[in-house]
Amino acid sequence: MRDVAPSVLFCLMIGAATSYTSSASAEDIYSTLEQGGNSTEKDLIRRAQRARDAGRWTEAHAAYKAALEAADPPSSTEKERAEIAGELGLCELELRKYRDAAEHLAWSLDQRNILPLQLQLRFEAGQRKAAPHVATLYLSVDPPDAEVLIDGKPISAPARTYRLFLDPGQHMVRARLAGHEEAFASFDAQAGKPTTISLQVPRAAAPGAPAKETSMRSSAPGAQASSSVEPSSTASKLRIAGAVVAGATMAAGGGLLIWSAYTEDELHDRATALRGADKDASRCAGSNAPRACSELRDLQEKRDLLKTAGWVTLASGGAIGALTLVSLLVDRTSSSSDGVRVVPTVSGQRMGLMMAGVW
C-alpha cells in the first residue's frame with residue numbers, strides 16, 4: 001500500500017503538468033496580442049477573446065474592430081495587427097459578413113510569414129469558407145498614381161495593381177487623375193469567380209485637339225468599358241437619322257424589285273398558258289380579245305410600275321446614304337467637337353463593340 005500511494009501521487013503530478021502545458025501552448029498563439037500595444041488595445045483584445053470564446057460574435061467583432069483601429073504603427077507591430085485582422089475576419093465570417101471577412105483574412109495572410117503556424121491554418125480555413133460568397137476583382141491601373149473608386153467610393157492608396165473583394169452583382173470602377181481623362185468600366189461580379197480589368201487613364205486632350213480614347217481590357221463575363229464621353233450634337237443625330245432612312249429606303253427599293261421579278265415570272269407563266277390555249281396569239285390585239293388578254297395587260301403594267309418604283313426608291317436611299325457619308329467626311333476634317341463612344345461588351349454568350357455618337 002505504501003508503494004501505491006507515491007505512484008498515484010506521481011501520476012496526478014504528471015497529469016496536472018500536461019494539462020498546464022496544453023493550456024499554455026493554446027494561449028501562446030495570442031501571446032503577442034496581450035504583450036504588445038497600449039493598455040486600451042490590450043483591454044479590447046481581452047474583451048474580444050472572452051466574447052469569442054463565449055460565442056458572442058457581435059461583441060467580439062466590435063472589440064476586435066476597435067482594437068485594430070487602436071493598433072496604430074507607433075504602438076503595435078505588424079504581427080500584432082495581422083493577428084487582430086485575422087481574428088476580426090473570423091468573427092465577420094461567423095456573422096456572415098463575407099466580403100469584410102475575405103478582406104481582413106487576406107490582408108492578414110499577406111503577412112503569413114510572421115504569423116504562428118496555428119493562426120495561419122485557422123485564417124486559411126476561414127478564407128476558404130468566405131471565398132465562395134464573394135467576388136474577387138484583380139485591377140491594374142496605368143498610371144499607377146490615379147485615384148480608384150468602386151461604386152463611387154475611393155479605395156486604398158494608389159497602386160498599380162489591386163486585389164479587391166466585392167459582393168456579387170453589378171459594380172462600377174473608375175480611375176481619375178488630374179490632367180487626365182477619366183476611365184471607367186462596369187462589370188458583373190459573380191460569387192466565387194475572379195474578374196480581371198485593366199484601365200488606361202489617358203492624358204486630357206489640349207483644347208481644339210481630338211480626345212484620345214480610353215482603353216480597357218477585361219477577361220470577365222459581363223464586363224463593359226467605355227471611352228471618354230463627349231456631348232453629341234444635332235449634326236450627329238441627323239447623320240444617324242440619315243443612315244437609318246437610307247438603309248430603310250434601300251431595303252424598300254430592293255423589296256419592290258424582288259416583287260417586280262415575281263410579277264415578271266407570273267406574267268410569263270400566264271402568257272405561255274394563253275398561247276397554249278389559243279393558237280392565234282394575235283387575237284389579243286383585236287376588239288374581241290379574250291378576258292385573259294386584259295389580265296395580262298394589267299399584270300404587265302403592275303410589273304412595270306413595281307420595277308420603276310423599286311429603282312427610284314433604291315436610288316433615293318443611295319443618295320441619302322451618300323449625303324450622310326459626305327457630311328461625316330467633311331465633319332471629320334473640319335471639326336473635333338463631337339466624339340465617338342466605343343463600348344466593348346463581353347458576356348458568356350456574345351462579344352462585340354457598341355458605338356454611339358458621331359460615326
Side-chain angles (χ1 to χ4, degrees), residues 152 170-176 180-188 197 199-218 221-264 302-359:
Q170 286 290 332
H171 296 278
M172 172 71 76
V173 57
R174 297 162 53 200
R176 61 189 184 187
H180 292 69
E181 297 179 7
E182 185 174 293
F184 63 92
S186 63
F187 61 98
D188 182 17
I197 292 178
L199 284 180
Q200 298 284 337
V201 188
R203 289 189 175 276
K212 295 181 180 180
E213 291 185 353
T214 300
S215 63
M216 191 285 290
R217 295 185 303 275
S218 173
Q224 296 181 349
S226 175
S227 65
S228 56
V229 179
E230 299 184 9
S232 61
S233 65
T234 303
S236 65
K237 294 178 181 178
L238 290 175
R239 292 190 195 99
I240 294 173
V244 172
V245 172
T249 305
M250 294 179 73
L256 290 173
L257 290 176
I258 294 174
W259 192 1
S260 171
Y262 280 120
T263 306
E264 176 73 28
K302 178 180 178 181
R303 178 203 61 187
D304 295 340
L305 180 62
L306 288 173
K307 184 179 293 187
T308 302
W311 283 114
V312 170
T313 305
L314 195 63
S316 300
I320 295 173
L323 289 174
T324 304
L325 181 59
V326 170
S327 174
L328 174 63
L329 295 176
V330 171
D331 182 78
R332 282 297 185 188
T333 57
S334 62
S335 174
S336 61
S337 60
D338 295 317
V340 178
R341 183 177 181 179
V342 182
V343 183
T345 58
V346 183
S347 67
Q349 293 79 29
R350 63 184 184 274
M351 176 187 300
L353 294 173
M354 181 174 68
M355 303 180 66
V358 180
W359 49 270

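Residues Ala175 and Leu199 approach most closely at CB-CD1, 3.9 Å, considering heavy atoms. Shown here for Val201 and His180, the closest heavy-atom pair between the two residues is O-CD2, 3.2 Å.
With a 4.5 Å cut-off on side-chain heavy atoms, Val173 and Phe184 do not count as touching. Residues Glu182 and Arg174 have side chains in contact (heavy-atom distance under 4.5 Å, counting atoms from C-beta outward). Contact check for Trp259 versus Lys302: side-chain heavy atoms found under the 4.5 Å cut-off.
A distance of 11.0 Å separates CE in Met250 from OG1 in Thr313, rounded to the nearest 0.5 Å. Between the CG atom in Leu306 and the CD1 atom in Ile258 there is a gap of 12.0 Å [rounded to 0.5 Å]. Taken from CD in Glu264 to NZ in Lys307, the straight-line distance is 5.5 Å, to the nearest 0.5 Å. Going from atom CD of Gln170 over to atom OG of Ser186 covers 6.0 Å, rounded to the nearest 0.5 Å.
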